[in-house]
Protein chains: 2
Amino acid sequence: MNAMGKTTNQRGRAVAEGLATAIHEHRLSPGMKLNEDEVGEIFGVSRTIVRSALQSLSHEHLVVIEPNRGAFVARPSLREAREVFEARALLEPRTAHSAATRATPEDIALLKRHIDEEHAAIDAGETGRALRLSGDFHIEIARIADQATIAAFIGQLVARSSLIIALYWRRRKATCESHAHHALLEALEAHDAERAEELMTSHLVDLVSLLDLTEPADAPSSLREALGAR
Amino acid sequence: MNAMGKTTNQRGRAVAEGLATAIHEHRLSPGMKLNEDEVGEIFGVSRTIVRSALQSLSHEHLVVIEPNRGAFVARPSLREAREVFEARALLEPRTAHSAATRATPEDIALLKRHIDEEHAAIDAGETGRALRLSGDFHIEIARIADQATIAAFIGQLVARSSLIIALYWRRRKATCESHAHHALLEALEAHDAERAEELMTSHLVDLVSLLDLTEPADAPSSLREALGAR
DNA sequence: GCGGCACAAATCGTATACAATCACGGCTAC
DNA sequence: GTAGCCGTGATTGTATACGATTTGTGCCGC
């Protein structure tokens, strides 16, 4: 998730990424409790490592740690949800602009493969994986823009978006945004920076429009489900 | 530092903030080694806590943890320095715009007090404290904009800017930016969002112009100084 | 005298043990 | 029958101990 070369904490990082991926793929739902012993046993590490991973994720707002109560998958509030997408609207269009001017043929090829994978996942009914790949597409664009700092922010926002989608998605239809990604790809390939910026803006608007950011997302029900689903 | 309600890790958070403040005030210089035992002894906590704090700071890019070597105060590269200010240029003007539309009389009063403190610190020759307050001014504006997510990003960028200033500041003259802060305050008070946005943009440009982002900041010399200064 | 190797000291990485806190159950009293 | 209390179990918070890795030093050979 973190774009920087954080070589530290080999194992802790692995656990954090494992959990993060599970969250991205909606296999861990918002509100779920993350028991330290249990997570440790699953990943074959000690609580020390798990603790480090959880704190790391807490710093990315994917996990909330309540003192003496434990770690839970975060449940972004309505307000937080709006803020995250406002931040994305501020960062990503400009980043797409930069990416369009810098994208190399290799970058384009990579993005193409990415979209193909996305389609394959959708066709295979792996909605979780499709969702994660969909997010990775945005992160990849940020990487192409060659702005590690902004890319890191976008990475975090995309990750949080996954939680927001889990909570506030209107209907259960699959990600219908692959067309938008394809259009973006074309703009990048043509080095049409203005168009890429506009496409990204409208893509994000579309995404938000698929969310229901008016009511506070049935708090208890989802929680019970999640806990019961273990 | 972190705008969110991170109630976790009471003590670890305290150590992290202690170290962060020291970094902001340039009492800890880039490259300095942060020995776990030593820090633990200073703050009266175990290595466990120190470790947690250091990892937290590493996540904010204020310290770099090299595997099996330890934690060091980060030394932002030239490239990273440019990126940080590009990110600020992307985030802060728009944030100042929002802040101008939302600022309450209380907010204005708070900012005024802030500027006064800043001046007082400068007059008293406490350049470290002045520098920190100068950064806090930007964070306060982000807070007024009422966008916690973006404010958190700006907070991190401001913190990193402190390290960048420590490394790349051209001459040793004190922060001459208080005038810019005053002008910003007036724009906010007048709810002149456009002007606030422009002022923030030019303020950041001015800031960068005071840095020397052309040469890679004498790496060894500064490091030796820092380590020797302990 | 200089380069390279081996050993020793220091420091980090991880696991484990213990203490503190919280959640849940049953119990009693009203 | 219900509300409140207390004990027990489970889970987190912190410290410490031990193993792994690195860095510095001294010795040996060249």
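These values consider heavy atoms only, across backbone and side chains, with no hydrogens, waters or symmetry-generated copies. A, B, ... follow the sequence lines: proteins, then strands. Residue 1 opens every chain.
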* Does the side chain of S52(A) come under 3.5 Å of the side chain of R13(A) through a donor N or O and an acceptor N or O? ->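 No donor-acceptor contact under 3.5 Å links the two side chains.
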Length of the [atom1]-[atom2] vector between [X] and [N], whole Å:
X: F72(A); N: dT12(D); atom1: CZ; atom2: P; result: 8 Å
X: E38(B); N: dA10(C); atom1: CD; atom2: C1'; result: 13 Å
X: I65(B); N: dT22(D); atom1: CD1; atom2: C1'; result: 17 Å
X: D37(B); N: dA17(D); atom1: CG; atom2: P; result: 12 Å
X: E36(A); N: dT14(C); atom1: CD; atom2: P; result: 16 Å

* N or O in side chain of K33(B) less than 4.0 angstrom from dC12(C) OP1/OP2 ->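 Affirmative; the distance criterion is met.
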* Non-neighbouring partners of T104(A) that pass side-chain hydrogen bond (donor to acceptor under 3.5 Å, both in side chains), sequence neighbours left out ->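 T104(A) satisfies side-chain hydrogen bond (donor to acceptor under 3.5 Å, both in side chains) with E106(A), D107(A) only.
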* **For R69(B), all residues meeting side-chain hydrogen bond (donor to acceptor under 3.5 Å, both in side chains), sequence neighbours excluded** =>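 For R69(B) the side-chain hydrogen bond (donor to acceptor under 3.5 Å, both in side chains) partners, ignoring immediate neighbours, are E66(B).
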Could you list all N or O pairs between the protein and nucleotides 14-16 of chain D that sit under 3.5 Å apart?
from	atom 1	to	atom 2	distance (Å)
dA15(D)	OP2	S46(B)	N	3.1
dA15(D)	N7	T48(B)	OG1	2.8

* **Any residue meeting ring-ring contact (aromatic ring centres under 6.0 Å, His included) with F137(A), in chain and number order, not counting sequence neighbours** =>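 Here the qualifying residues are H181(A).
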* Residues which pass ring-ring contact (aromatic ring centres under 6.0 Å, His included) with F43(A), listed by chain and number, not counting sequence neighbours ->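 Scan of F43(A) (ring-ring contact (aromatic ring centres under 6.0 Å, His included), adjacent residues dropped) gives none.
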Once salt bridge (charged side-chain N to carboxylate O under 4.0 Å, His left out) is applied, do any residues pair with [X], and if so which ones, sequence neighbours excluded?
X: E126(A); result: R129(A)
X: R88(A); result: E92(A)
X: D116(A); result: none

Write down the protein N/O and nucleotide N/O pairs, taken from nucleotides 19-25 of chain C, whose separation is under 3.5 Å; answer none if there are no such pairs.
from	atom 1	to	atom 2	distance (Å)
dT21(C)	O3'	N68(A)	ND2	3.3
dA23(C)	OP1	R69(A)	NE	2.9

